[in-house]
Protein chains: 2
Amino acid sequence: MGGPKEIQRQTGVALWRQIADRIRASINHGDFDATGMVPPETVLAQQFGVNRHTVRSALAALGQEGVVRAVQGRGTLIERKERLNFPISKRTRFSQGIGDQVRETRGLLLALAEEPASAEVARWLKLSEGTGVIRFETLGTADQRPVSRATSWFPGDRFAGIGEAYRKTGSITKAFREMGLLDYIRAMTEISAVHAEAGDIADLELSPGAIAMVTRALNIDLSGVPVQYSISRFAADRVQFTIEN
Amino acid sequence: MGGPKEIQRQTGVALWRQIADRIRASINHGDFDATGMVPPETVLAQQFGVNRHTVRSALAALGQEGVVRAVQGRGTLIERKERLNFPISKRTRFSQGIGDQVRETRGLLLALAEEPASAEVARWLKLSEGTGVIRFETLGTADQRPVSRATSWFPGDRFAGIGEAYRKTGSITKAFREMGLLDYIRAMTEISAVHAEAGDIADLELSPGAIAMVTRALNIDLSGVPVQYSISRFAADRVQFTIEN
DNA sequence: GAAAATTTGTCCGTATGTATT
DNA sequence: AAATACATACGGACAAATTTT
């Protein structure tokens, strides 16, 4: 396909938008399946008979959609996506819910600290502000792909040593069990969506402009005492949530 | 603040990124509260000592974040955002949940049609594929701002005439009541986030690159019979969802 | 391992179109 | 009608990252 593709000027539809639509269609049609990449910008520019910058605008739009991901020096990769489903219920656990969808799930402890509770953390954990809490920074992966980046807080007195337990097991549920907490309940989950920030892009291997779904969740024990408050940031193009009532 | 602002070249951080960060900071600092708008691109370009296109890259990034919204011929408006909270539970209803957060909520019926059920709709409503269903296209607004754009399907035989009832009342709950269905339950809700498509941008008054949260939900009556399946698209920067267990 | 080629990223400059004031 | 302001498109130059030679 050497000749210039049929895109039209002065129609009220911007060239970059027409080109983006055509490239998306080609991707969906499987034209680039051999390489998994879009042709170089210079090649596309020549094929469409436009300036390279116009092609870049088109690819930028597709990047925002999550259809492609540009890598400097390498090329523009086509993103394949299968979404993991996270069921949210009283029994919500990270690894359990998606256990049947992937081969391997892991929780990696990035950082662990003991600190005084902020006003927000204290409110959710029903502690006095400044009480000692344990903070986890964890990365959730499924099949070697990062899926979520979470910050969790636990009451410090009750769960001293939970860091070790988590390192050993790679699971909050199992760590709780080692600490004598046999069961817990998801009391509240809040979900919103934002544009990925620099930290998300690094931790979750996202492209700039990607979407992060942010959840704030509270877990309580069977007598209603808060045991974990966490803020998680998910790679939006790799997950969805379901609530079954 | 007349002179050129301090942005640095050759630091490994792109000029447009530095400028975006500075403009965001100025907005948060309230520097532009008088007009509610960012200064014109040409002015910013001069202030920062860069080309207008570099400023445009910065503003485009802020547009993606939802911080600003450019309007051709007018200027670049600063977006104020207060997020509406949508509780999701067995008793989930659009207007009820957010009733205490806004002064006025409305549901507007954009389109109404009777059609044969697609495979997907039939599966959720537990009908045979091709059975007659009623399709609603509705726009949800809160305080004159569009919040959600929903497509809903109802079993055609049971709810013939529901369009009229909805037009009169502006509420699904009340329309159901007029049809003799006094109560219903939210059985399932699925939440994901995507980049807004052209339709979202038009209906929800979003900027290109904004985020849409997509929910798929099923309502059933008290004996478990499906009464409504709907796919809704929310302006992500105006909403959040909470699940209370 | 080093050099060259390839490919995307950033920035500037200019011109013209389109929408609003 | 004119001025203002954003939108699109082109052209060039160089930087940065990766792959190939």
Side-chain angles (χ1 to χ4, degrees), chain A residues 4-5 7-23 32 35-64 67-79 198 201-202 205 207-209, chain B residues 4-5 7-23 32 35-64 67-79 198 201-202 205 207-209:
Chain A
K5 321 269 170 140
I7 55 170
Q8 298 184 331
R9 289 162 193 266
Q10 313 290 339
T11 61
V13 181
L15 295 184
W16 65 263
R17 173 51 51 218
Q18 297 181 54
I19 292 169
D21 292 342
R22 287 192 147 274
I23 294 174
F32 311 130
T35 57
M37 296 177 64
V38 166
E41 293 168 354
T42 49
V43 174
L44 290 170
Q46 196 178 19
Q47 284 183 355
F48 287 110
V50 300
N51 188 274
R52 177 178 157 233
H53 290 308
T54 307
V55 170
R56 279 181 64 76
S57 295
L59 291 176
L62 294 178
Q64 279 173 25
V67 175
V68 299
R69 178 169 55 96
V71 179
Q72 189 174 165
R74 195 154 158 224
T76 302
L77 286 61
I78 297 167
E79 295 275 40
I201 292 168
E205 297 174 12
S207 359
Chain B
K5 320 272 171 136
I7 56 170
Q8 298 183 331
R9 289 159 193 267
Q10 314 291 337
T11 62
V13 181
L15 295 183
W16 65 265
R17 173 45 61 207
Q18 296 182 52
I19 291 169
D21 292 342
R22 289 194 144 273
I23 294 174
F32 312 130
T35 58
M37 294 177 65
V38 166
E41 294 169 352
T42 49
V43 175
L44 290 170
Q46 196 178 18
Q47 283 182 358
F48 287 110
V50 300
N51 189 273
R52 178 174 156 244
H53 288 309
T54 308
V55 170
R56 276 180 66 74
S57 296
L59 290 175
L62 293 177
Q64 278 175 27
V67 175
V68 300
R69 179 169 55 98
V71 180
Q72 189 173 167
R74 197 161 153 213
T76 302
L77 285 61
I78 297 168
E79 294 277 36
I201 291 168
E205 297 174 12
S207 355

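The figures here come from the full heavy-atom set of this structure, side chains too, leaving out hydrogens, waters and symmetry mates. Throughout, a chain's letter reflects where its sequence line sits, starting with A, and its residues are numbered from 1.
Residue B/Ala14 has its side chain nearest to C/dC11 when only C/dC11, D/dT8, D/dT18 are considered. Considering only the side chain of B/Pro40, D/dC6 comes nearest among C/dT8, D/dT19, D/dC6. Here D/dT18 is the nucleotide among C/dG17, D/dT18, C/dT8 with the atom lying nearest to any side-chain atom of A/Arg74. Of the candidate nucleotides D/dC10, C/dC12, C/dG17, D/dC10 has the atom lying nearest to any side-chain atom of A/Leu15. Here the nucleotide nearest the side chain of B/Glu41, chosen from D/dA7, C/dT8, C/dT10, is D/dA7.
Closest approach of A/Phe32 to A/Met37, counting heavy atoms only: CB-O, 3.2 Å. Residues A/Trp16 and A/Ala58 approach most closely at O-CB, 3.2 Å, considering heavy atoms. The two atoms that bring A/Gln8 and A/Leu15 nearest to each other are O-CD2, 3.5 Å, heavy atoms only.
Between the P atom of C/dG9 and the CD atom of B/Gln10 lies a distance of 18 Å, rounded to the nearest Å. Atom CD1 of B/Ile19 and atom C1' of C/dC11 are 10 Å apart (whole Å). Note: CG (A/Leu62) to P (C/dT8) measures 13 Å, nearest angstrom. The distance from atom CZ of A/Phe48 to atom P of D/dA9 is 13 Å, rounded to the nearest whole Å. If you measure from atom CZ of A/Arg56 to atom P of D/dG12, you get 17 Å, rounded to the nearest angstrom. Distance, B/Arg17 CZ to D/dA15 P: 23 Å, rounded to whole Å. Across the protein-nucleic acid pair, B/Leu77 atom CG and D/dC6 atom C1' stand 12 Å apart, rounded to whole Å. Between A/Gln8 atom CD and D/dA9 atom C1' the separation is 17 Å, expressed in whole Å.
In this structure, A/Ser57 reaches neither bases nor backbone, as no heavy-atom distance under 4.0 Å exists between it and the strands shown. In this structure, B/Thr76 reaches the sugar-phosphate backbone alone: every heavy-atom distance under 4.0 Å involves primed, P, OP1 or OP2 atoms, never a base.
A donor-acceptor pair under 3.5 Å is formed between the side chain of B/Gln18 and the backbone N or O of B/Val13. With hydrogens and angles disregarded, no donor-acceptor distance shorter than 3.5 Å links the side chain of A/Glu41 to the backbone of A/Val55.
Here B/Asn51 reaches the OP1 or OP2 of C/dG13: one of its side-chain N or O atoms lies under 4.0 Å away. Between A/Arg9 and the phosphate of D/dC10, there is a side-chain N or O to OP1/OP2 separation shorter than 4.0 Å. Regarding contacts with the backbone of C/dT10, every side-chain N or O of B/Thr54 stays at 4.0 angstrom or more from both OP1 and OP2.
Side-chain atoms of A/His53 and base atoms of C/dT10 include no donor and acceptor less than 3.5 Å apart. A/Arg52 contributes a side-chain N or O that forms a donor-acceptor pair with the base of C/dG9 under 3.5 Å. Taking 3.5 Å as the limit, the base of C/dG17 and the side chain of B/Gln72 contain a donor-acceptor pair of atoms between them.
Comparing A/Val43 and B/Trp16, the nucleotide of DNA chain C nearest to each residue sits closer to the 5' end for A/Val43. In terms of position along DNA chain D, the nucleotide closest to B/Met37 lies nearer the 5' end than the nucleotide closest to the other residue of the pair A/Val50 and B/Met37. Each of B/Gly73 and B/Val13 lies near DNA chain C, and the nucleotide nearest B/Val13 is the one positioned closer to the 5' end.
Across every strand in view, C/dT18 sits in a pair with D/dA5 that passes the Watson-Crick or G-U test at under 3.5 angstrom.
Residues A/Gln46 and A/Thr42 are not in side-chain contact: their nearest non-hydrogen atoms beyond the backbone lie 4.5 Å or more apart.
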